[in-house]
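In this chain, numbering begins with 1 at the start of the sequence shown.
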Amino acid sequence: MNTNAPTVIPQFLRPRIGKICVAIIGTSASEMLEKANAVVKEFPFLEFRLDYLEKPLLALPKLKQFLAENTAATAIATCRRTPNGGKFAGNAAAQVEVLTKAAASGFQIADLEIETVEELKKAELDKFRSTGIALIVSYHDFHATRDLDAVFERMRPFAPDFYKIVPTARRLADNVELLRFLERKQEYTNIIAICMGEAGIISRVLAVRAGSAFTFAAATPGEETGPGQIAARTLMETYRIDQVDTATKVYGVAGNPIRSSLSPIMLNTAFRRETVNAVYLALQTNELSDLLELVHAIPLQGLSVTMPLKQEILPHLERTDPLSARIGACNTVLRQDGKLYGFNTDVSGISLPLEKRMSLRGARVLVLGAGGAARAAVFGLVDKGAEVFLLNRTPETAQKLAKQAGAKVIKKEAVAKSTFDAVVNATPIGMAGNKAPQMLDAKDLANVKLVFDLVYNPLETPLIRMARQLNIPIITGVEMFVQQGARQFEIFTGKPAPEEEMLRVVIHALRQQAEATAEAAPRPMRPATPSKATPSKASPTQETPAAAPKSPTKAAGKAPVKAATKVVAKTPAKAAAKPATKSAAKPAAKTVAKSPSKPAAKPKKK
């Protein structure tokens, strides 16, 4: 066999290949064509997963017609066998037969996994390649990231037109191994290398700039052909993969869970709006050592830090702003000259929305929880002169925090008998996917003037819903989320944050998620007979309006001490879903424009 592997993409394919190849799946040819027609104009580079079809040979005539009608399309035929991670139950000969007929149907590229290539006789492989179709020899490891150089050498004797190497990232650092592998193979322009898994999302965005010929994407969310695969539109619109280059600065949100985080769409939208050459990624990890290895290897220029790493990261920082040091938790990290500096933007994200609605000096505030977000709430509120009470399921943790911050611990049975100006939920209870029971009951809110839930996803949490039903004014977590994210953007870039744009895209994403969840939920049974009871007219629940912001503040400086300065927020109080009836109360000052249901249009490039 030829051991001189080509180092360039076949010339006839070079102008036809983009950075994104969209995988098309379906259980019938009609379903595949419907999906292909929906994306082909925007993404003309397609992979048809023929192994998803029960009888792939019968689908080829229709796919041939599609390719004849869409001459700008470039198509990969993949019919992966079951033992190698696919759905095709046939043997190697049957697989090659499908791909040979795919070549005759107009497909320009075929994907054969290394296991099949090694099983075929030389004459059989030569006969297949004589069809003129370009060959991808692919390797998939669904368990780990191992010796990638050894994998490459295993493939090289077959002289493929493309090498496809796809391990699984179990740690963030596995992406570093893959990116370094691509750098070592810079002379090969025909390697496709990405990591599968939630921890491998980094490689799906950055591998192209490191030398991968292209990356794979799902046609739409929910149609992923591999763990961690990203939808094509998300790669283009959120991550702007077509603009990622060696000068692009990399940021990310780190912690666990990250899957449902809207930080990437919010911060990437802000980068695009302000024409900042940067990308912001989701970094799923529980291990601080894993994260720090990634930070220095990529390198990352800044981080949003979430649970469970907010406190653990402190000893690894060169310096923190005074408030972060007092709180003992950091949610923002800036990398300068190879050193890490810490900030806490959660504090302003919590205190500013409350200050728009009440004076915190002397206010009685109940904080639920004792973790990183709760520490920011307690220290920030005490610093503003509030009388803070702590309720936590582990009393010992609450007592420790109360002693450190100058707050008080309260027992659950005493809550209903007490009066509070505000209740702040600083636990993950109510977050999408969190099934833990609520800490408070309706009776506990009898003497509460305002409820503030820091959870922003879903838009209406069980606690917010309970407050609405009791006609208690509310602040949703969206306001806090956008506030703290805006401060992070300013720390990262030195520019004022486009808060209205950030708010719009977050609200739009949450509404989309809510609609998708509602569509997926089983429809309730209609009652046999309608109820004769007339519903009582409850007074409308109002989300208390915030005063309109004054002139935009200066961006946070690069020095950590400056980052702690107070920044007036622009985020409107109407971030939450509207109540069923309009509030009679009017804001004292002009509020920011209502959040539209659609995200803002992309700004023109400067």
Taking the side chain as every heavy atom from C-beta outward, state whether [X] and [Y] have any atom pair closer than 4.5 Å.
| X | Y | answer |
| --- | --- | --- |
| C330 | K310 | no |
| E501 | M266 | no |
| Y52 | I24 | no |
| V423 | V415 | no |
| N392 | L368 | no |
| T220 | R233 | no |

Distance in Å, I25 CD1 paired with R49 CZ, rounded so as to fall on 0.5 Å steps
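Rounded to the nearest 0.5 Å, the CD1-CZ separation comes to 8.5 Å.
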For the atom pair CG (L309) and CG (N256), what is the distance rounded to the nearest 0.5 Å?
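One gets 8.5 Å once the value is rounded to the nearest 0.5 Å.
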Looking at [Y], is its backbone amide N or carbonyl O close enough to the side chain of [X] to form a donor-acceptor pair, meaning the two atoms are under 3.5 Å apart?
| X | Y | value |
| --- | --- | --- |
| N268 | Y280 | yes |
| K495 | E274 | yes |
| R364 | T419 | yes |
| R393 | G369 | no |
| D444 | L440 | no |
| E31 | A29 | no |
| Q229 | T225 | yes |

What do the steps show when you test R465 against D453 for salt bridge (Lys or Arg N to Asp or Glu O under 4.0 Å), and what is the final call?
CA-CA 11 Å; R465 190 180 307 115; D453 196 339; over 6 Å; no
Does D242 come within less than 4.0 Å of K19, counting only side-chain N to carboxylate O?
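No, no charged N to carboxylate O under 4.0 Å.
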In terms of side-chain geometry, is the basic nitrogen of D346 or R375 positioned less than 4.0 Å from the acidic oxygen of its partner?
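No.
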What pairs with [X] under side-chain contact (heavy atoms from CB on, under 4.5 Å), at least two apart in sequence or on another chain?
| X | answer |
| --- | --- |
| A231 | P221, T234 |
| S324 | T320, D321, N344 |
| S260 | N457 |
| A232 | I20, V22, F43, A217 |

What residues form a ring-ring contact (aromatic ring centres under 6.0 Å, His included) with Y239, not counting sequence neighbours?
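For Y239 there are no ring-ring contact (aromatic ring centres under 6.0 Å, His included) partners, ignoring immediate neighbours.
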Return the set of residues passing ring-ring contact (aromatic ring centres under 6.0 Å, His included) with Y251 (not counting sequence neighbours), or none when no residue passes.
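If we apply the ring-ring contact (aromatic ring centres under 6.0 Å, His included) test to Y251, skipping adjacent residues, the hits are F271, F492.
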Identified side-chain contact (heavy atoms from CB on, under 4.5 Å) counterpart of L454 within the set N425, T476, V424
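That would be V424.
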What verdict does the side chain to side chain contact (heavy atoms under 4.5 Å, CB included) test give for D421 and L450, after you've listed the backbone C-alpha separation in whole Å, the side-chain angles of each residue and the deciding distance to 0.1 Å?
CA-CA 6 Å; D421 294 291; L450 182 144; over 6 Å; no
Test side chain to side chain contact (heavy atoms under 4.5 Å, CB included) on R487 and E490 and set out the steps.
CA-CA 5 Å; R487 305 292 79 75; E490 292 168 354; 3.2 Å; yes
Going by atom types only, do [X] and [Y] share a side-chain donor-acceptor pair under 3.5 Å?
| X | Y | answer |
| --- | --- | --- |
| T285 | D290 | yes |
| E34 | S30 | no |
| Q488 | S304 | yes |
| T345 | N331 | yes |

Trace of the side chain to side chain contact (heavy atoms under 4.5 Å, CB included) decision for E223 with K35
CA-CA 10 Å; E223 296 186 355; K35 294 173 181 178; 3.1 Å; yes
Where do E479 and R357 land on the salt bridge (Lys or Arg N to Asp or Glu O under 4.0 Å) test, with the steps shown first?
CA-CA 13 Å; E479 187 167 349; R357 295 154 170 93; 3.0 Å; yes
Could you go through the side chain to side chain contact (heavy atoms under 4.5 Å, CB included) check for T248 and L206 one step at a time?
CA-CA 10 Å; T248 301; L206 299 185; over 6 Å; no
Taking all non-hydrogen atoms of both residues into account, name the closest pair between T427 and V455 and its distance.
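So the minimum-distance heavy-atom pair works out to O-CG2, 3.4 Å.
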Can you check salt bridge (Lys or Arg N to Asp or Glu O under 4.0 Å) on R272 and E237, steps first, answer last?
CA-CA 9 Å; R272 182 180 67 236; E237 294 182 357; over 6 Å; no
